[in-house]
Amino acid sequence: MLNEYFFETNSFNLDATLDSGQAFRWVAHQDSWSGIIHGRWVRLSSKTCGILAETTSPVTSWNWLADYLQLELDIESVLKSFPRDQHMEKAIHTCHGLRLLRQDPWETLASFILSSTKQIVQIRQIISILSERHGEPLKVPEGFAPAYDFPKPGTLAILSEKELRECKMGFRAPYLLEAARCVDSGALDLESIRALSLSEARLKLTSLHGVGNKIADCVLLFAYGFPEAFPVDVWIARALRELYFPKRKPTTKRLQNFISSYFGPNSGYAQQYLFHYMRNRETNLK
DNA sequence: TCAGACCCTCACAG
DNA sequence: ACTGTGAGGGTCT
């Protein structure tokens, strides 16, 4: 028996959001997406006036989903805080309704540890194998593929590096193992990061092996919602150079200064719009 | 600052 | 079909 709920919203692009490289476990169907949020199987469908949500387990409150989707956020005021230049205008126009999710910190940290020098399809594959092998099976409606919760830190902490490598994660295995053990033992308290400043939070996360600034900022933006976290990957670096420094070749430091002074209080959101805009432009050119 | 290494897979040549 | 090659939402040494 499915539970249903309808969220009214006219400013949410489900396709763009769930396929934007911030989450790796959503599966596209004909007219809907299925995924797992906090151990629940969920199906989301985009309707003219909002989003229809269906889940298998009994639900008394839907706050967990409203929080995950950040439905309370006033996206218009976020967009207004972006710098007004032709590139951002185009990005806003192209990516209408693109949102940032508020994901689980552990899953996000683990996922992005697994993301380094990988294409998105490969990241999805690793995470899928890992969850299938080591995650709890979840209740799924008839006709849908089996689904698994993302493995808990404690579950991964007792595995061997070899068992993790069998999930095709290669040299990332020891990194994930260390992270799982740190979180499981309490040496790294993921909840306490919420209360920290951005730079303190970065220091905490980058103290893990295999977590540098890029991955730390992904976690801070996609899980904790730090509005000024700004992950700089090859795509964004290329985009910024091409769009804002077409003649010169700025150093990494200069690029950093530009980012922190130019994009304003919601620079993380601006980054997501630019990233999505550039990625779609590439595929459209092919 | 700057390569080179790291594991593995897939796309794309030839 | 079959092998070779390069690079992929990085990070460490």
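Computation of the quantities below employed the complete heavy-atom set of this structure, encompassing side-chain atoms and omitting hydrogens, waters and symmetry-equivalent molecules. By convention in this document, chain letters (A, B, ...) are assigned in the order of the sequence lines, proteins followed by strands, and residues within each chain are numbered from 1.
Summary of the strand contacts: A:Thr117 and A:Val121 both lie near DNA chain B, and taking for each the nucleotide with the nearest heavy atom, the more 5' one is attributed to A:Thr117. Residue whose closest nucleotide on DNA chain C sits further toward the 5' end, between A:Cys218 and A:Tyr175: A:Cys218.
The CZ atom of A:Arg279 sits 14 Å away from the P atom of C:dG8 (whole-angstrom rounding). Here the P atom of nucleotide C:dG9 and the NE2 atom of A:His276 are 15 Å apart, to the nearest Å.
Of the possible donor and acceptor atoms, one in the side chain of A:Trp64 sits under 3.5 Å from a partner among the backbone N and O of A:Ser61.
The side chain of A:Ser115 approaches C:dG9 more closely than any other nucleotide in the set B:dC10, B:dC7, C:dG9.
Taking the 5.5 Å centre cut-off and the 30° plane limit, the aromatic side chain of A:Phe171 is classed as stacked on B:dC6.
No engagement by A:Phe112 is indicated, since no non-hydrogen atom pair under 4.0 Å with the nucleic acid exists. No engagement by A:Leu114 is indicated, since no non-hydrogen atom pair under 4.0 Å with the nucleic acid exists.
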**Report entry** Intra- and interstrand pairs of DNA chain B - dot-bracket, Watson-Crick/G-U under 3.5 Å, | marks other strand
**Finding:** ..||||.|||||||

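A donor-acceptor contact under 3.5 Å is formed by the side chain of A:Gln271 with the base of C:dG9. Interface remark: the A:Lys118 side chain does form a donor-acceptor pair with the B:dC8 base, using a distance-only criterion of under 3.5 Å.
Using a cutoff of 4.0 Å between basic side-chain nitrogens and carboxylate oxygens, A:Arg133 and A:Glu163 are not scored as salt-bridged. For A:Glu76 and A:Lys80, the salt-bridge test fails: no basic side-chain N is under 4.0 Å from an acidic carboxylate O. Salt-bridge check for A:Lys204 with A:Glu200: failed, with every basic side-chain N at 4.0 Å or more from each acidic carboxylate O.
Counting only residues at least two apart or in different chains, side-chain hydrogen bond (donor to acceptor under 3.5 Å, both in side chains) contacts with residues 11-22 of chain A comprise A:Ser11-A:Arg99, A:Asp15-A:Trp33, A:Ser20-A:Gln22, A:Ser20-A:Gln272.
By the 4.5 Å heavy-atom criterion applied to side chains, A:Leu255 and A:Arg241 are counted as neighbours.
Applying the 4.0 Å criterion to OP1 and OP2 of B:dC7, one finds that A:Arg165 has a side-chain N or O inside that range.
In this structure, A:Lys47 NZ and A:Ser32 OG are separated by 8.5 Å, a value rounded to the nearest 0.5 Å.
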